[in-house]
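Just follow the structure's listing: the first ligand is 1, and inside any ligand the first atom is 1. What you see is a predicted model, and the numbers here were worked out from it, not measured in a lab.
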Amino acid sequence: MPDTRLTPAPSAAVATDSPAGGRILMCAPDHFEVSYAINPWMRPDRWKEEGALLGARSTNGWELLAATLRDLGVELEFAVPHAGLPDMVFTANAAVVLDGKALVATFRHPQRQGETAVFRRTFDALKQRGLLTEVHDMPEGVVLEGAGDCVWDPVRRTFWLGYGQRSDQAAAAVVRDLFGFEVEALELVDPRFYHMDTCLCPLNGGEVLYFPGAFSAEGNARIRERFGAENLIVAPEPDACTLAVNAVNVGRDIVLATASPALRGMLTERGYTVHETPISDFGLSGGSAFCLTLKLDRKSK
Ligand code: ARG
């Protein structure tokens, strides 16, 4: 029986009063490791050699990420880590959450499929505490790896769904029907950018930070059309490869692993403050800041 207790919230918050920086679900990296390879970044051999060091560094980085988010006014909730599910730390993949409704994820690879039942219990517990109103499951046979592949654009009130590597295109209709908002489903064509949140990050000011090489010509046309040329912030390839697009945007603050001076310049020019956190070791699993978080109180308006 998996342990799905949630650690108590620091203050007994009521569902209606959202903390200034929002409420985010994280999962401590107690069991985090790279023991299998389901994306091109994952190198179990390297982890085997340096596991102790990498484990200590990633835990430290995760704690600093949590501290940075708290400093920005975010209230954190924690899913209980589960032995044998090392990727649970990437809570962005746990569900799609909007307006109090959670749609629990399903996973492409057997290595992660055990997470569905564990996260289902996590969300049921959050509902019991009044932090969610509804918890839904995906229809049988349809894969949607949570917010990692279904990113919310707060300005256009549209989901951007990535398919072709992990999630199914058919998930778009499920999301549209449940949440009642438009879903732009784009094919992900580069295996390095296997989840939508590795290559597209809509920002609160209406801009999008993205890496065009991850999308087909058609997808790129759609991004340009929906966001408008003036809102496009193209991540340089080296930044895309350190997963800088996988960023958490809280108000006008952007939390990420590392940003080159060029990328930092593009973001500060638009009025954002960039916060680097030492979470690069999660890159050895193909994850970064956004992957390690899931916004629980996201509202459509
Ligand atoms: N090792 C994990 C996987 O390949 C990393 C997931 C990162 N999460 C994300 N939302 N991009 O599934």
Phe107 touching ligand 1 at heavy-atom level, < 4.0 angstrom: no

Can His109 be said to touch ligand 1, with heavy atoms closer than 4.0 Å? no

Could you tell me whether a side-chain N or O of [X] sits under 3.5 Å from a main-chain N or O of [Y], the two making a donor and an acceptor?
| X | Y | result |
| --- | --- | --- |
| Asn246 | Asp197 | yes |
| Asn39 | Trp41 | yes |
| Thr106 | Leu144 | yes |
| Asp239 | Ala244 | no |
| Arg23 | Glu75 | no |
| Ser167 | Tyr163 | no |

Report, in ascending order of atom number, the atoms of ligand 1 lying under 4.0 Å from any heavy atom of [X].
| X | answer |
| --- | --- |
| Asp197 | 9 (C), 10 (N), 11 (N) |
| Gly148 | 10 (N) |
| Arg166 | 3 (C), 4 (O), 12 (O) |
| Met42 | 1 (N), 4 (O) |
| Ile38 | 3 (C), 4 (O), 12 (O) |
| Cys291 | 7 (C), 8 (N), 9 (C), 10 (N), 11 (N) |

Trp152 and Phe179: CA distance, side-chain angles, deciding distance, ring-ring contact (aromatic ring centres under 6.0 Å, His included) verdict: CA-CA 11 Å; Trp152 177 248; Phe179 296 100; 8.4 Å; no

For the atom pair CG (Leu54) and CZ (Phe32), what is the distance rounded to the nearest 0.5 Å? 8.5 Å

The reported gap from CG in Leu243 to NE2 in His195 (rounded to nearest 0.5 angstrom) is 12.0 Å

Looking only at protein heavy atoms, identify the closest one to atom 12 (O) of ligand 1 and say how far it is in Å. Arg112 NH1, 2.7 Å

Closest protein heavy atom to atom 8 (N) of ligand 1, given as residue, atom name and distance to 0.1 Å: Asn93 OD1, 2.9 Å

Can you tell me which portion of Tyr194 lies within the under-4.0 Å heavy-atom range of ligand 1? Options are side chain, backbone, both, or neither. side chain

So, is [X] polar-close to ligand 1, with some N/O to N/O distance under 3.5 Å?
| X | result |
| --- | --- |
| Asp87 | yes |
| Glu145 | no |
| Asn39 | yes |

